[in-house]
Amino acid sequence: MSKTGRIKAFVKQWQLQSMVIPGIVWMFIFCYIPMFWLIIAFMDYNIARPMLESPFVGLKHFEEFLADERFWRSIRNTLGMSTIKLVLGFPIPILFALLLNEIRQVKFKRTVQTISYLPHFIAWTIFGGITLNWLGEGGVVNQLMMGLGLQDREILYISDPKYFWWIVYFSDTLKEMGWSAIIYIAAISGIDPALYEAAEIDGASRWQRMWHITIQGIRPTIAILFILAVSGLLGSNFDQIFMLKNNMNLKMAESLDLYIYNMGLVSGRHSFSTAVLFARSIVALALLLLANQASKRLTGEGIF
Amino acid sequence: MIPIVRKMRRYGLFEICNTLLMLAVCFVTLYPMWFVFVNSLNSPEQALLGTTNWLPKEWSLASYRVVFDDRNLMNGFFISTMRTLIGTSTHVLFTAIVAYGMNKTHLIGRKVYMKIALITMLFSGGLIPTFLLMVKLGLYNHFLVFIIPGLYTFFNMVIFMSFFRTIPDNLEEAAKVDGASDYGVLFRIVLPNSKAVLATISLFSAVYHWNDYYQGVIYIRSQELLPLQTILYKIIAENSMTFMQQQAMEQFGARLPSNSIKFASMMVATLPILLVYPFIQRYLVKGVMIGAIKG
Amino acid sequence: MINGKRLQKGLAILFSLILVFGLAACMSKESKDTPVNANSNANANSGTKSNNGGTGGSGGEVTVNADEPAWKLDTSPVELTWFVGASWYGHTWGDNLASQHVTEKTGVQVKLEVPSGDANEYITLAMTTGQLPDIITLGSWENAVKKLWEGGHVYALNELAEQYDPYFFKVAGDGTLKWYRQPDGNTYAIPNDSYSPNLMRETGMNAANQTFLVRKDLYEDMGRPDLTTPEGFLNALQLLKDRYSTYKGQPMSPFFAQGNVQYGMTEYLQNLLAVPHEKDGKVYDRITDPDYVTWLKTFRTAYERGLINVDFLVDSDTQVEEKTNNARYFMMIREWTGMTAVNPMLAASENPDSYYIAVDGPRNSRGEQAKLFPGNMDGWMVTMVSKSTRHPDRAIRFLTYLVSEEGQRDLFLGKEGETWEMMNGKPQLKPEMVQLLETDIEKLEKQYGIVDTYWMLRNPVIVNQWRPEKPAVIKQMEDFANRQADIDGAIYKNLDPTGESDAAVAWLRISQNWLEVMPELITAKDEATFDKIFQDFLDRREAYGFQKVMEHRQAELDARKAKMGQ
């Protein structure tokens with residue numbers, strides 16, 4: 001297409017462009033202008049002085065954390081917790097939405113749905129306290145395990161690093177399962193009822209309908225959320241971990257976020273924190289592209 | 001005859017198990033909220049001795065009295081409500097429009113736009129530059145700081161896009177043939193057929209706006225502009241104090257609010273937003289209901 | 001029909017938008033006022049001469065006098081914003097007797113500003129906007145304090161005082177000004193709750209609050225066991241496990257250390273063991289002290305024998321509070337100041353003897369008495385005057401007034417005749433105020449605003465003489481701690497490097513590693529493992545750059561000594 005032809009085509013679709021361009025402008029103002037500051041990752045920045053007066057130090061901060069065994073430990077912990085969350089946690093809201101969809105009594109269904117998302121509204125500072133309470137001396141978990149004869153005396157679960165990832169997984173699932181399911185429930189509600197009717201006539205069983213209609217219907221949503229979840233593999237829930245960590249479980253609990261907090265933000269080392277965040281963003285971008293490609297191949301769905 | 005009985009029995013078993021499972025889910029997810037609720041009604045004296053698991057050891061509204069005693073609370077409630085209403089409607093509108101445009105494969109520059117958008121999800125400059133930007137834009141200590149920076153999120157745009165894609169193309173094409181403009185198609189065809197996703201994103205956005213305390217902590221200086229959550233956050237989040245702060249505070253004889261007051265603040269902050277859900281749920285369950293009844 | 005509906009919706013959106021902008025326009029007025037830097041440094045310098053009767057700055061034609069407080073010169077109404085760096089600070093100004101009294105007297109109406117989140121972050125960010133509150137009170141340890149000074153965001157108090165109110169030098173206490181003097185010769189901040197060694201020696205008053213506490217009735221039932229030697233300590237724990245693992249119907253937790261590894265088990269325990277801070281003029285590496293290591297091994301043995309659990313290393317603050325309030329700990333390494341609410345509560349409970357008393361805890365192999373931190377010159381929070389203020393003259397005069405005996409009295413005691421009166425030539429709180437202090441402190445602070453309501457510039461030397469006698473269950477702990485205060489030890493507090501220097505980063509890594517190593521030491525399966533873990537830690541510490549940390553400590557100590565010697 002010639003240049004003038006492209007301009008013409010562009011002008012012709014001015015309506016569409018006028019929908020998108022405000023968004024792009026917004027992104028430039030609120031995301032790209034602050035992003036300019038990522039260069040402090042290569043500086044020794046002091047907040048008391050203007051940014052551009054800070055000395056350039058090259059890759060000093062990157063070298064510092066790459067040489068720190070604690071940084072690598074935090075990567076291992078983050079990946080460990082995220083993988084558990086992705087493999088065992090990601091399907092749960094989907095399963096929950098599917099099973100909820102099979103409930104016939106509308107009132108009961110609504111009630112279950114409403115109740116299941118309540119814990120989402122309890123702040124982690126409080127929910128973490130409740131979790132610690134349950135896991136502590138005389139807490140429900142110990143009573144249950146002893147009642148079932150699975151352990152003969154109380155265990156301080158929170159003091160043993162080997163339980164930490166699982167505590168994070170279970171407490172997060174309990175808190176967010178119902179909330180995360182909402183988006184699938186919405187997707188299911190968008191499925192054309194005629195499909196179910198047709199399947200009924202064809203004599204499809206409950207499982208067949210669930211598989212061929214419901215799951216197929218929400219496949220794009222699942223794919224997109226999965227891609228986003230993969231790109232977040234190096235992220236963690238800071239509030240949650242901050243509440244549940246202690247000096248004894250720290251070797252399994254210190255996630256990348258917590259590492260940045262402990263080694264950077266606590267002592268006002270903005271350049272160092274920015275360097276770690278910058279590196280993480282690059283990895284996240286790579287993961288996202290990878291997941292998007294894989295998803296496109298496997299399911300035909302992708303974000304872009 | 002026999003196969004039908006077997007079939008019924010199988011369905012029955014599934015139904016029973018499923019119902020029991022859902023009841024179990026209800027129990028474990030309701031309990032944390034119940035825990036917060038009963039402990040907020042525990043008397044402050046009893047709360048000192050520890051939390052209670054099922055019922056208050058001594059019923060008392062004293063903690064709620066303390067919470068409502070805060071003069072700024074009603075004002076905070078007003079700010080939060082305004083922010084949620086305006087923030088949610090503008091966010092949903094803005095993001096939906098951008099998402100619709102982005103979805104069109106013949107959009108010139110689509111690939112570049114998408115890449116620009118993608119980067120924003122993964123890279124951010126951090127707190128300080130964002131703060132400086134708000135100051136420069138005049139949003140610092142201004143109500144609009146709750147609205148404008150929250151107009152758009154990548155996540156919600158992608159969700160919109162994926163739902164818009166499920167709307168049959170022939171609907172749009174038919175409208176186009178009738179001479180509708182792009183805006184016409186969006187507002188007359190696409191959005192009315194996307195009630196579930198509109199409800200979902202509205203819910204996400206409303207809950208975000210209601211629950212967010214951080215914007216208030218960072219960008220607001222005048223008491224009169226503080227949202228409810230920011231006012232209550234102080235009470236709940238004392239454990240975010242650094243060790244030095246906490247130690248100094250204890251050493252020099254300052255007092256912290258008791259546990260029951262924390263729980264009461266939590267309840268006060270949460271209840272209003274819970275009331276929103278039933279309205280939105282109608283749009284979510286209607287479709288599901290049809291599927292289930294016919295299924 | 002459909003169109004009508006859409007129109008309605010459109011109108012609603014339009015309406016709400018108008019509302020937003022209208023709202024916003026109203027609310028933004030305040031933030032748009034740009035502060036005027038009334039007086040730059042240069043101006044302040046030229047004002048130095050005004051001592052001899054010259055005039056300078058906005059002091060106008062009035063002469064300032066070193067023997068007279070200058071606030072009296074101008075009592076016209078003025079509003080000052082005052083930032084208090086504590087998110088939990090809930091008091092306001094102008095709603096109670098004391099603050100009204102002060103405003104009436106000085107004309108200064110204070111608008112208190114409290115951060116919603118972290119105070120350090122709040123001021124750090126406000127610094128970048130150039131719009132700081134008039135007066136800033138911030139924790140002396142926060143890194144924003146140094147940045148305010150370095151970035152030139154606050155006035156040098158000595159320069160302000162010379163220009164507007166030389167009376168300041170009379171009341172600020174020479175010691176404090178010297179202590180906070182920077183290399184450029186200026187002092188930018190004035191602390192509260194600051195204790196100088198000379199003063200502690202003269203008055204016998206100190207802020208020692210590190211105590212070793214035991215639950216009284218249990219301790220006595222056990223026959224007041226010796227806890228000062230490792231053997232005695234282990235025997236007592238054994239006795240507790242064998243005979244008192246539940247006491248008066250409650251399961252007992254043997255031991256707690258406040259701020260566990262970070263504080264209670266490290267610096268605090270070292271103080272109990274009177275581990276020296278300095279040997280032959282050199283900063284001493286306290287963590288390797290044989291007595292300290294012996295006691296860490298004692299804790300390991302106790303854990304191995306099942307005499308203590310690791311609960312004290314992992315419990316959250318809430319869990320700790322719960323156990324304390326139920327008197328479930330047998331012994332505690334804990335500051336008595338954290339017990340002022342609990343102890344009277346326990347003494348009034350069903351078991352009136354279940355409160356905590358201070359006794360002799362772990363001692364070193366020479367059996368020496370503990371050497372506790374006595375409080376120091378740093379104090380708690382420091383107060384500064386920002387350059388954003390349009391009334392630097394009124395701000396410094398107000399501060400001078402507040403730190404003077406008169407100001408301290410007006411804020412601590414309130415108004416004569418209403419909240420206090422002269423008795424035997426000494427001001428004293430009225431009995432009903434003392435009554436309120438014991439029973440309903442909230443009301444006392446809300447309605448009268450006296451005693452510790454406004455602690456931002458509290459000077460303990462002045463106000464403690466007016467404090468009513470404390471209850472016996474608190475006084476016992478306080479007296480016990482005060483007797484063991486190590487006045488000479490004040491100078492050694494917080495010698496560690498902070499900020500972004502190499503030494504600071506090294507120390508950050510070392511101190512955070514110690515948090516993880518200590519629990520490993522206590523739970524080590526035998527003494528050989530203990531030794532290995534400890535040696536590994538020392539090696540790692542070297543690798544992280546401990547040498548630099550020691551050099552920094554030494555330099556810091558030498559600098560402090562030079563300041564004190566002046």
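Within every chain, numbering begins at 1; the chains are lettered A, B, ... in the order of the sequence lines, protein sequences first and strands thereafter. Owing to the predicted nature of the structure, the values given are computational and were not obtained by experimental measurement.
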Inset, instruction - Kindly indicate, with the supporting measurements, whether the criterion side-chain contact (heavy atoms from CB on, under 4.5 Å) is fulfilled by A/K251 and C/E520. - result: CA-CA 11 Å; A/K251 52 177 92 44; C/E520 286 174 22; 3.4 Å; yes
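- Among the candidates C/V314, C/V517, C/N260, C/L313, the single residue satisfying the side-chain contact (heavy atoms from CB on, under 4.5 Å) test with A/N247 is C/N260.
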Inset, instruction - Output, in order, the C-alpha distance, side-chain angles, deciding distance and verdict of salt bridge (Lys or Arg N to Asp or Glu O under 4.0 Å) for A/R73 and C/E516. - result: CA-CA 14 Å; A/R73 187 183 73 177; C/E516 292 179 45; 2.8 Å; yes
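- Expressed to the nearest 0.5 Å, how far CG of A/L265 lies from CD of C/E121 amounts to 9.0 Å.
- In this structure, chain A has a heavy atom under 4.5 Å from the side chain of C/T128, while its backbone stays farther away.
- Proximity of C/V505 to A/R269: side-chain heavy atoms (C-beta onward) are separated by under 4.5 Å at one or more points.
- Classification of C/E500 and A/K60 as a salt-bridged pair fails, no side-chain N sitting under 4.0 Å from a carboxylate O.
- Contact of C/N309 with chain A is made through the side chain alone, with heavy-atom distances under 4.5 Å.
- Heavy-atom distances place both the backbone and the side chain of A/D68 under 4.5 Å from chain C.
- Distance alone, capped at 3.5 Å, is enough to place a donor-acceptor pair between the C/Q512 side chain and the A/N262 backbone.
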Inset, instruction - Evaluate the side-chain contact (heavy atoms from CB on, under 4.5 Å) criterion for residues A/R70 and C/N513: first the C-alpha distance (whole Å), next the side-chain angles of each, then the deciding distance (0.1 Å), finally the verdict. - result: CA-CA 10 Å; A/R70 226 172 106 198; C/N513 187 242; 5.9 Å; no
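- Counting non-hydrogen atoms of other residues, nucleotides and ligands closer than 6.0 Å to NZ of C/K493 gives a total above 12.
- To the nearest 0.5 Å, atoms CD1 (A/I47) and CD1 (C/I123) are separated by 11.5 Å.
- Between chain C and the residues A/S159, A/G138, A/G128, the largest count of heavy-atom pairs under 4.5 Å involves A/S159.
- Ranking A/V266, A/L132, A/N246, A/N249 against chain C, the residue ahead of the rest is A/N246, based on heavy-atom pairs under 4.5 Å.
- Nearest heavy-atom pair across A/S267 and C/N143 is C-ND2, 3.7 Å.
- Contact detail for A/G268 and C/K147: the closest heavy-atom pair is O-NZ, 4.1 Å.
- The candidate from C/E150, C/Q319, C/R509, C/M127 with the greatest count of non-hydrogen atom pairs under 4.5 Å with chain A is C/R509.
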Legend entry - side-chain contact (heavy atoms from CB on, under 4.5 Å) between A/E137 and C/K323, intermediate numbers included: CA-CA 11 Å; A/E137 303 155 274; C/K323 284 181 184 171; 2.8 Å; yes
